[in-house]
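First the proteins, then the strands, lettered A, B, ... as listed; each starts at 1.
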Amino acid sequence: MTVGGPRSRVLVAMSGGVDSSVAAALVKAEGHEAIGVWMRLSDVSDSHSDFSRSCCSLDAADDARRVAAQLDIPFYILNLEREFDEGVLQPFLRAYMEGRTPSPCVDCNTQVKFGALLGRARLQYDCDAVATGHYARVAAPAVGAGGGPAGGAYRLLRGLDPGKDQSYFLYGLGQEELAHTRFPLGGMNKPQVREIARAMGMGTADKRDSQEICFVPRGNYRDVLRERAGWTAEPGPLLDVDGRQVGEHFGAASYTVGQRSGTGVALGEPRYVWKIDSAANIVKLGRRADLETRRFEVGEMTFVAGERPALDEFRAEVQIRHRGKPVPATVRPLASGRWSVETDEAVWAAAPGQAAVFYRGDEVVGGGRISAASTSEE
Amino acid sequence: MPIYLDHAATTPMRREALEAMLPFLTEQFGNASSLHGFGRHARAGLDEAHESVAKSVGATPREIVFTSGGTEANNLAIKGAAWAGKARGHRIITTTVEHHSVGHTVRYLEKFGFEIVEVPVDRFGFVDPDDIEAAITSKTILVSVMLANNEVGTIQPLAEIAARVRRHKGVLLHTDAVQAAPYLPIDLQALDVDLLTIAGHKFEGPKGVGMLFVRSGTNILAQQQGGAQERYRRAGTENVAGAAGLARALELAVAEQPDTAARIHLLRDALNKVVLGVDGVLGTGHPDERLPGLASFVAPGLDGNAVTMALDLAGLACSTGSACVSGSNEVSHVLSAMGYAEGDAKGALRISLGRNTTTAEITEAGNLIVRTLAEQRDAAEKLAESRALGRASVPVVGALAHVGAAESSEAETPAG
């Protein structure tokens, strides 16, 4: 850890998984006053009808509570249902309904963990920082001679373990957030983390990594759309590259760009969802090559440093999905307020709504949401 | 050492209770139902516990049924009376401010065809005895009204309720006296109820043991089947040590009750004065007709969970009103029933004193509460400010640096 005083009070967001369990242990081991919290993010209430789901999620809270007790740190459940609904769930549903790709993990970090939770931690619980089990690093500004700041800014860096790096989801953090954020696992890899958990006898040591979006049970987002957004499946035309109808889809809102289509076999070459017109309820397919692009636009841009780069255009590596390959690109501001991104080599399935994150080596420069992709058709 | 002011949730067990239990956890380990000497010793201990409790509450030993706690005793009283009375009627009358071990039990019975009437309360949490009587019909079999409320401390006019219920033949009266037991005199010669619940851990006895008083001649159906224990009313090998611990703690609590009540009443009033001096804080429950050691407030606009969490971190253990840690957003059903709006009820705070609470602790607690309420008020205002600035969920000052023209994700249109 690189920020904070010699001993500070740190709120640790504990999910009940191994990463945040070890993060809490490390915060405490560094001599800080660690306070464990489990965020209650949806109304997995204690009602009987929801019993099975409520149980799963309250089980996670129990796992976190158990680890906190082993570490002998205070532990609380914080209710952030409203903040999660406004900041993550509603945007997720809107994205699907409007044919965009949602980025709930980015929203959750920006709006909930390093938004509402950090605000509460600092204002209500007198904490200096929030720590999480993310695999990313924060570099503090250099300290000048005599102990004063030498200028510069907090920098957000990739986690050292390339297989676990989660910086992509954290690009929305700015200076104020990074100054009060700790990622104790940033310099570790997963086996090391599990090793610590095992050595400490934590019940979460061998818990499986979560793979799905946490609020989408069994990965079935269509159920979530039905339950939360009142979506009903309305079949519509499935068009091929040439505009010819090749079948029917289940309702445009339930697709995302880049999704593999089952019709590829019949057409002799795999097909992917290329374009979604949710208003007209049309889903258009393309061949793999059709989804390649070297130019797209990004909106809602934020920069980690808090201000846009001094030069009008800048070079950076752009990454358009978690674990995606960073591709060198030239980024220019547009009159519309958006930014144009021209990549040195083609990227695949740059879908509207998806986060585009700009790196210089290991450092996150900033990021935004892809607003429109120009593909071979234009 | 943190200050403990959550005695309404539970109390520390007193040494005398532990000493009364120890023989039955060591040498006298026998099963009270066994015919041999080991069993007889255990049975003797259990009989003594019955006799002792009976003496403490003005009952006879056979009217005492030991259970696993207050919740089981309430379940046994209500379900037992309901099923025993099913041939005569199906209507059960209770109030809107009962503990969940009563409220959820009657809701459960509703699924089996019982008709549940929840009589409302006033702003202080009082139920009107006339309203209870007005709800009684020829089909009514049971009335259940708590003696004192666990969240706001209001003491119900139970003698008057009993007088009303007695005018109607065949209606049983149950009272949940769990919260009242150590602080109000309980005399079942005077208090005309058929069923009464207490729990050992609320008066410095052990957890996991409670008692249901079943007045002689009252018919209830056992709710668990097995052996003949507790005169067929509660099957299962008896918790002799628990019964002995409860009996001893109750005996002492009853003897000390006038002194304890008078002393913590004064301390409570002193604390009340300090906390009610904070701008915007209101007392809940009745100002006078309340448990002597229970102080309850609302701080409208504040989050009671945040306040109690901050107090815990500062070294004061108290509660919002009931011992719930699931993080649910639900507000207290008691405060809602008393007419508090959701925003006000969210800011609930309960401070409950015990026999060992000291003046120094109350002074310190008062300071901590005043300071914490001020800090939380300040935090709440800053959080509200940042929300007003349009950062729905990003309350940190200077949060996100959005670059570029005004744009929103909703404005984006999908490609193609």
Item checked: A:Arg40/A:Glu81 salt bridge by N-O under 4.0 Å criterion -> yes
Next item on the list: Please look at A:Ile35 and chain B and tell me whether the side chain, the backbone, both or neither of the residue comes under 4.5 angstrom of a heavy atom of that chain.
Entry: side chain
Item checked: chain B contact via A:Val88 - which portion, at a heavy-atom distance below 4.5 Å -> neither
Check: What pairs with B:Thr94 under side-chain contact (heavy atoms from CB on, under 4.5 Å), at least two apart in sequence or on another chain?
Finding: B:Glu98, B:Val102, B:Val106, B:Ile116, B:Glu118, B:Ser144
Checklist line | B:Phe112 six-ring face occupied by B:Lys79 cation (under 6.0 Å, within 45°) | finding: no
Notebook entry, point to check: Residues two or more places apart in sequence or in another chain: which of them pass side-chain contact (heavy atoms from CB on, under 4.5 Å) with B:Leu276?
Noted result: B:Asn272, B:Val281, B:Phe297
Checklist line | Proximal component of A:Pro74, with respect to chain B [non-hydrogen, under 4.5 Å] | finding: side chain
Check: In terms of heavy-atom proximity below 4.5 Å to chain A, should B:Asp378 be classed as side chain, backbone, both, or neither?
Finding: neither
